Structures are given as structure tokens and as C-alpha cells.
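What follows is a set of notes on a single structure, which appears directly below.
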Amino acid sequence: MSQGRRFVVRGTVQGVGFRPWVYRIARAAGVGGDVRNGPDGVTIHAFGDPRALDAFEQELRARPPPTAHIRDLQRTEIPGRDVEGFVIKPSEDRGERELSIPPDLATCSACAAEVLDPGNRRYRYAFTNCTSCGPRFTIATGVPYDRPATTMAAFAMCPACQREYDTPTDRRFHAQPNACPVCGPKLWLAGSRGQRRATADPIASAALLIAAGGIAAVKGLGGFHLACDARSAAAVRALRDRKRREHKPFAVMVADLATARRIARLSPAEAQQLVAPERPIVLAQRRPEAEIAGSVAPDTDLVGLFLPYTPLHHLLLAELRRPLVMTSGNRSDEPIAYRNEEAFDRLRGIADGFLLHDRPIAGRCDDSVVRVIAGAPTVLRRSRGYVPRPIPLARPVKHPVLACGAHLKNTFCLVAGDSAYLGPHIGDLETVEAADFLEEAINRMQRLLDIAPAVVAHDLHPGYVSTLYALGRPEPDKVGVQHHHAHIASAMGERGVAGPVIGVAYDGTGYGTDGTAWGGEVMIADLLGYERVATMRPVALPGGDKAIHDVWRIALAAVEDAFDGAPPLAELPVFAVPSPRERDIVHHMLVAGINAPHAHGVGRYFDAVGALVLGRSLARYEGQVAVALEAVADPRAAQPYPFSVHRRATPWEIDLRPTVRAVVGDVIAGVAPAVVAGRFHATLVAATTEVVVSVAAARGVMPVVLTGGCFQNARLTEGLVAALGDRFTLCLHGQVPPGDGGIALGQAVIAAARAEGGL
Ligand code: ZN
Ligand code: ZN
Ligand code: FE
């Protein structure tokens, strides 16, 4: 006897090939009925005998296509009917339009095979895509998401493509960017000044340029890449010189998983991330014998690898048969270039040639970065492939919120209902271009998501570009959120934890309510407020921000503090680099307390200890020394150095002066850097554990949040997971970055909670 079930599926289920997949599994299970897009998601009516329905439902729940993200699947029993077959129906009242915009999806294996098949009509066609893959967010110009509201609007489909588009059983049924060599976008090659080059095969010509040691600007999904041969030390050197990026690691694109395994040791979780449809850059342990230039990632034992995610990448790598450095097409830290003319302008003098096409990019979107930490993928930069997929919230918000993020690695966040949408990676708000990009990206996301914020959240730092932008917005309700409270709330928001929690927020710098820079904070927090229960003993930053680059200054401040003004400087190699006069000036700054603001950041202790242990006096980018210190740390060196926790006043003070004295002693005694670095990590784990356990003893056991940029450090995170994991429920980041790239989510959920409480 026929029974009926209705399923309503919410999540990222439109524009990702979900309906054709439902059609196939319904047919396979012998179920009749229909599937259609509706305002709330995808609705399925299924009819058949109970056995067939069970089989269908099991398949529906267990094996959705990898590109779909099911957030909620509701089932209702409905009266049975005898229906012939299963059909894909036109959408309710809005025509055949998708109601939400999915993230960009990496080229699927079927499309990748087509472009490499000489017998296929899309052989070597760089813009091949289908319902399971291709550009989405980066080509959307409006909503609902369908072809006229994308940058494909100007390309009229040829009859063959139109037929695919109109046939429900076709892989390209309603694939909005569907195209072929006859009707779609085209590639061309331009020289270093943008002049068009006559070539029959632009990809082969670009490959020749790269093989000869040149640098090619390649237009991708969310912007331009600069590409060069990763094996060539000379090419990598030239790229670093021209881009004025001396040390920051470059990402490397490889043709396939097998090649990735020859460059890095991959855990199963890392391999899985590499092939995920988001195609992030995955940080993995580099093999010492890997055939890539050492200058690709000089400070670390990690290498950022990723696999091709557009047909153009597949074709380029098939042509070149070698790993490619693929780094954002920009100068230094400006936003990524994404328009052809803009690329000529901004990448002139960097690129020897441009591989271009005529499908405009509607919004920039940088590559995302993932690291597997404590066995779980942790998104360190969330952009292409993830944006604009919402982060589901445990509770809907009453008022839509815009949160403007912090200063470095800026992202913003829009929240409406029970969905939080983090925007693309904007980057450091150090340039006018970055500030413009922030505004432009917020406007675009507001439009595409149709969210009109009622409340605007921002950092407490009065000088941040993001704060000034927020305060200049027309909405009357502004909420300033303390930086580390926002970090903690970000993890809570991602994990649906209401609190209170014991939040451990460790980072470089964040504005504190007392005007000093915080960053070694332990807080009891919920979404409405926080109590600062412990903090790292502050270290002075002689010369302010200059000290973050001249890390020997922080090291000097830390040792003067630890040795009470009489440190054994002559025996420490790090202090050999600054001139005696410079050292003297800094010493006087410290003694007199002039231009030496105090900072509580754990990141500053990484700078100080890293400088001492590695003998490094300078950092070329924030966090460089910390990255290097983690890289050398010997995992077997697990004995913590001494430290103190002072409980006399509130907040308690975690005092690392004994640690610094011990580190200095070991450095002078010639103990291996690997051992000192390992023991320093162990010290932070032990000190943090002691504080958390004491707070729980005094105030009750609560979930423990680990957040802030320091938790990009796998060794620190894994140490704390091991130390606290069986005593506490731990709340760690996953799809939202622990660093400042995730902070906007925390600002947003705090602002929403406060707005509900009447501000
Ligand atoms: Zn495909
Ligand atoms: Zn066509
Ligand atoms: Fe931070």
C-alpha cells in the first residue's frame, strides 16, 4: 500500500545539484513523487511502499552530495497516493530561481574528466561546470541566484548548452554558469604591460612562461593569483622581490593528492580537506625531501598545499607537471586584484604575463586556509568555498546585526534569524584599498542576503578603521564589544553554547577596557558580559608597534622584568644585532616607562621567547617568530619551566618571569632550541591548566573555550586538549577561525544578545 512523506530540507541545498541527486535516489529506491525549490529550502513529496520510502529516506539522510550542506531535515507523514515516477518540479511562485547563493564549488571529477577528454565538446575548456561545481558567490550580482543575476548574463547559451540546462536528468540542469567553447567566456594571454598576445593556446603559452622561470598573473575565481614554478628557487626569489613579500609563506598548488603526498605527510583528515569541495589551502607537515624551493615557506615545517579548483587550474597543472606557487595577486598586503584593468595596473612589474578571461568576478574572495588541529579541521582563514554559507546559530536573533570585525585579518559578519554569515577575508585594514574593500564587500553581502542591519557591532579600539566605519554607519544602535570577549563568544556562537563558560583568549593584541593591550585573558563569560578572572603579566613594548617587528625589544623588556633590571645581555645572541646605542635607548624607555605601553598578549611572550631561543631580532610579519618557535619545538620536551600564578588581586596574574629566567639560563647553557621551545609550550599549557582548574574549583565547572590567534598553534592547542579534555567540556573553533578572522561572529552574537536585553 502506498504511503506518503513530505520532507523539507534546509541548508545549502540550492544551486549545488541537490534536486537532480534527489531525483536519482528516488528513482533508484522506486519512490514516486516530486522535488522542488521553495522559499524555505527544498521540498520533497515521496510516495511508495514503506520499504522503498525507508530506503529513500536513509539515502537522503546518509549520503547527501558533498557540495550540499543539510542543516535541517523535517519529515511529515502525508496521505499516500499512487503516482507515476518521480519529477523535478518548477519552483513555487518564484519561477526557476534559486533563493540562496551557494559558495563557489571546486570542479567536480566529472567536469575535470571532460576537459581532459579530447573526444568531449568541452575538451580544454576552462569554464566547464555543472550543477555540482563551478563559480557561485563570486559571479553573483543579485538575487535570486539565477543566470541574469550573475556575470554570465552577457553570455547567451548555445542550443546544446540550453538543452542541458533545460533537461532535469542532465548534470547541467539549471547550472547557472553553464557554458561551452561555442557560447561561453574565453581566455587570452597578455604580456607584462597588458598587451594582448596572439596565441592559439593561451594556457600552453602561460605554461611555457612559467616553465621558463617567469611569473604569470592568472585570473581565478575570486581574484588573481601570481603563479610560478615552486621548484625554482630563482622564480620564488623573483616573486618575493617583486611582490615585496620577504618571508610570509606561499601556498603551493599541486595536480592531485598523490603529488601532495610527495610534498607533505598527510593525515587522513588533511587528505580529506584537500579534496573537499571548498578546496582550501591545507597546512601540512612538509617532507624534508620535498621537491619545492626552501624559500616557499622559510620559517616553518608546514607547507600550505591545495588542489586545482577550476578547470583552468587543472589544465595549467596538467601542462606543467610540477607544483606551482599560487599566491594572491597583490602587492604586499593590499587586497587581491580581481578586475582585468586593475590587475594590469597593480601587478605591473610583478607579472611577466597575464592569463585573462572575459567572465567578470563580481566580488573578491581569497583562498581559504585550514589546519588540522587536535585531529579536527580548523579553518584559519574562511573565504572562498565557505562564504556565504551560513553558520547556524542555536537561537534566532530578534534584530539583524552587522559586526565589523577587528583590524588584522578583518572579516565582517551579518546575522539574521538563526543564520550568521561571515563575509570574505578582507585582510589587514592597513591600506585605503582594504578599507574600501570592507565597505564594498559589506554592501554587496547586504544586498545578496537581503539583510538590513538594525544593530552595528564593533571593536572597542577607537582608532580601528573597522570601528570608525561602524560608527559612521547610519544605524543608530551601535554596540562596542571587548576584543577577547568577542573571541570567546565567537567560539560559543559557532558551537551553540550559551554560557557561562571559562574562556581562554590568547592572542597578540586586543584593546582592553583599561586602555592597555590585552591578550592573555581568562574570562568567565556569557553573551551579555564577562568577568576577567586572570591575565598574563604584561610585558612592555618599547617603541609601541615597532616592538612587534623589532622583537628584540620585547625580549629585552621581558628579560629586564625577569631579572629585575640586571639581565645577562652579553651572553644572549639576540642582543648582538641592535647597536649598543639602540639597546641603550630601549633600556631607558623601559626604565622611564616612556613610549613603552604594557601588553598582556601571550603572542608577545612567543615573540620574546622566540627571539631569545632562536636568536632572532626581527619579525618580518606579525607572528613570524611564534610560527618558527612552534616549528622547532620538540614534542618530547614536555617538562614545564617554573611559573607563578598570583591570586592576591583580581584578575589573577600569570607570571612568566621564572619561565623567562629559566629560558635565558638554558639558552646560555647551550640547550637545544628544540628543547627550550618544547618546554616553553609545555609551560603555557601547565600555567593555563592551573588557572582553569582553580577557577573551576572556586566558581564551578563550566565548559572551557579556547580561542584567539594563539590557538592556530597546534602544539599549544593539543597540549591543552590533553590536559583539560577529560575534566571539562571543551569548546574549540572549527569552521570559524580562532584568530581575528573569526571575531566578527563573536561581536555579532554579543550585540544581538545585548540588543534583546534592551542594550
Ligand atoms: Zn561539475
Ligand atoms: Zn554552449
Ligand atoms: Fe585577537
Side-chain angles (χ1 to χ4, degrees), residues 15-17 20-21 65-67 104-116 120-122 125 127-136 147 152 155-166 170-186 277 279 308-311 314 380 405-411 428 459-461 464 466 481-491 503-512 517-521 599-604 622-623 707-712 733 736-747:
V16 292
W21 171 74
T67 46
D104 299 291
L105 303 166
T107 305
C108 72
S109 49
C111 288
E114 282 181 349
V115 301
L116 297 172
N120 193 281
R121 76 186 188 93
R122 288 189 172 86
Y125 185 56
F127 304 92
T128 302
N129 65 83
C130 73
T131 50
S132 315
C133 78
R136 300 286 189 273
R147 192 165 176 114
M152 287 297 292
F155 301 93
M157 273 186 272
C158 70
C161 286
Q162 189 68 50
R163 209 173 311 121
E164 294 165 340
Y165 185 90
D166 290 334
D170 195 277
R171 258 178 53 231
R172 299 194 162 94
F173 175 62
H174 286 266
Q176 305 303 346
N178 188 27
C180 77
V182 174
C183 65
K186 289 182 173 47
R279 282 295 196 284
Y309 57 83
T310 69
H314 281 283
L380 302 186
H407 184 66
L408 298 176
K409 299 179 176 142
N410 179 280
T411 62
D428 300 350
D459 198 273
L460 289 182
H461 196 301
Y464 278 1
S466 54
V481 180
Q482 200 281 323
H483 189 96
H484 304 93
H485 186 207
H487 271 307
I488 294 165
S490 171
V504 178
Y506 288 171
D507 65 2
T509 300
Y511 194 79
W518 294 2
E521 311 309 314
H600 298 262
V602 172
R604 300 289 87 90
E622 212 215 357
T707 186
C710 292
F711 291 101
Q712 300 178 43
H733 287 271
V736 175
D740 285 3
I743 209 164
L745 173 64
Q747 294 174 341

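Hydrogens, waters and symmetry mates are skipped; everything else that's a heavy atom, side chains included, is used. As the structure lists them, so they are numbered: ligands from 1, and atoms in each ligand from 1. Quantities reported herein were computed from a predicted structural model and do not represent experimental measurements.
Using the six-membered ring where Trp is involved, H461 and Y464 have ring planes that are parallel, under 30° apart on the 30 and 60° scheme. Ring pair F711/Y506 is parallel by interplanar angle, where below 30° counts as parallel and above 60° as perpendicular.
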Practice problem: Kindly indicate, with the supporting measurements, whether the criterion side chain to side chain donor-acceptor pair (under 3.5 Å) is fulfilled by H407 and D459. | Solution: CA-CA 9 Å; H407 184 66; D459 198 273; over 6 Å; no
Exercise. For the pair T707 and H733, evaluate side chain to side chain donor-acceptor pair (under 3.5 Å) and give the outcome as yes or no after the intermediate values.
Key: CA-CA 7 Å; T707 186; H733 287 271; 2.7 Å; yes
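Side-chain contact between S490 and L745: present, with at least one pair of heavy atoms (C-beta onward) separated by less than 4.5 Å. Proximity of H483 to D740: side-chain heavy atoms (C-beta onward) are separated by under 4.5 Å at one or more points.
Using modelled atom types, one side-chain atom of R172 and one backbone atom of N129 make a donor-acceptor pair closer than 3.5 Å. Although no hydrogens or angles enter the test, the distance criterion places a donor-acceptor pair under 3.5 Å between the side chain of R147 and the main chain of F155. Between the D428 side chain and the K409 main chain, a donor and an acceptor come within less than 3.5 Å of each other. Remark: side-chain polar atoms of E521 are paired, donor with acceptor, to backbone N or O of G519 under 3.5 angstrom.
Legend: protein N/O/S atoms lying under 2.8 Å from the Zn ion (ligand 1), waters omitted, number 4. Within the protein, the number of N, O or S atoms lying under 2.8 Å from the Fe ion (ligand 3) is 4.
Less than 2.8 Å away from the Zn ion (ligand 2), the protein contributes these N/O/S atoms: C158 SG, C161 SG, C180 SG, C183 SG.
Of the candidates R163, M152, E164, Q162, M157 forms a side chain to side chain contact (heavy atoms under 4.5 Å, CB included) with just one, namely Q162. In summary, of the residues considered (H487, Q712, R604, H600), a side chain to side chain donor-acceptor pair (under 3.5 Å) with D507 occurs for H487 alone.
The side-chain hydrogen bond (donor to acceptor under 3.5 Å, both in side chains) test applied to T310 returns H313, not counting sequence neighbours.
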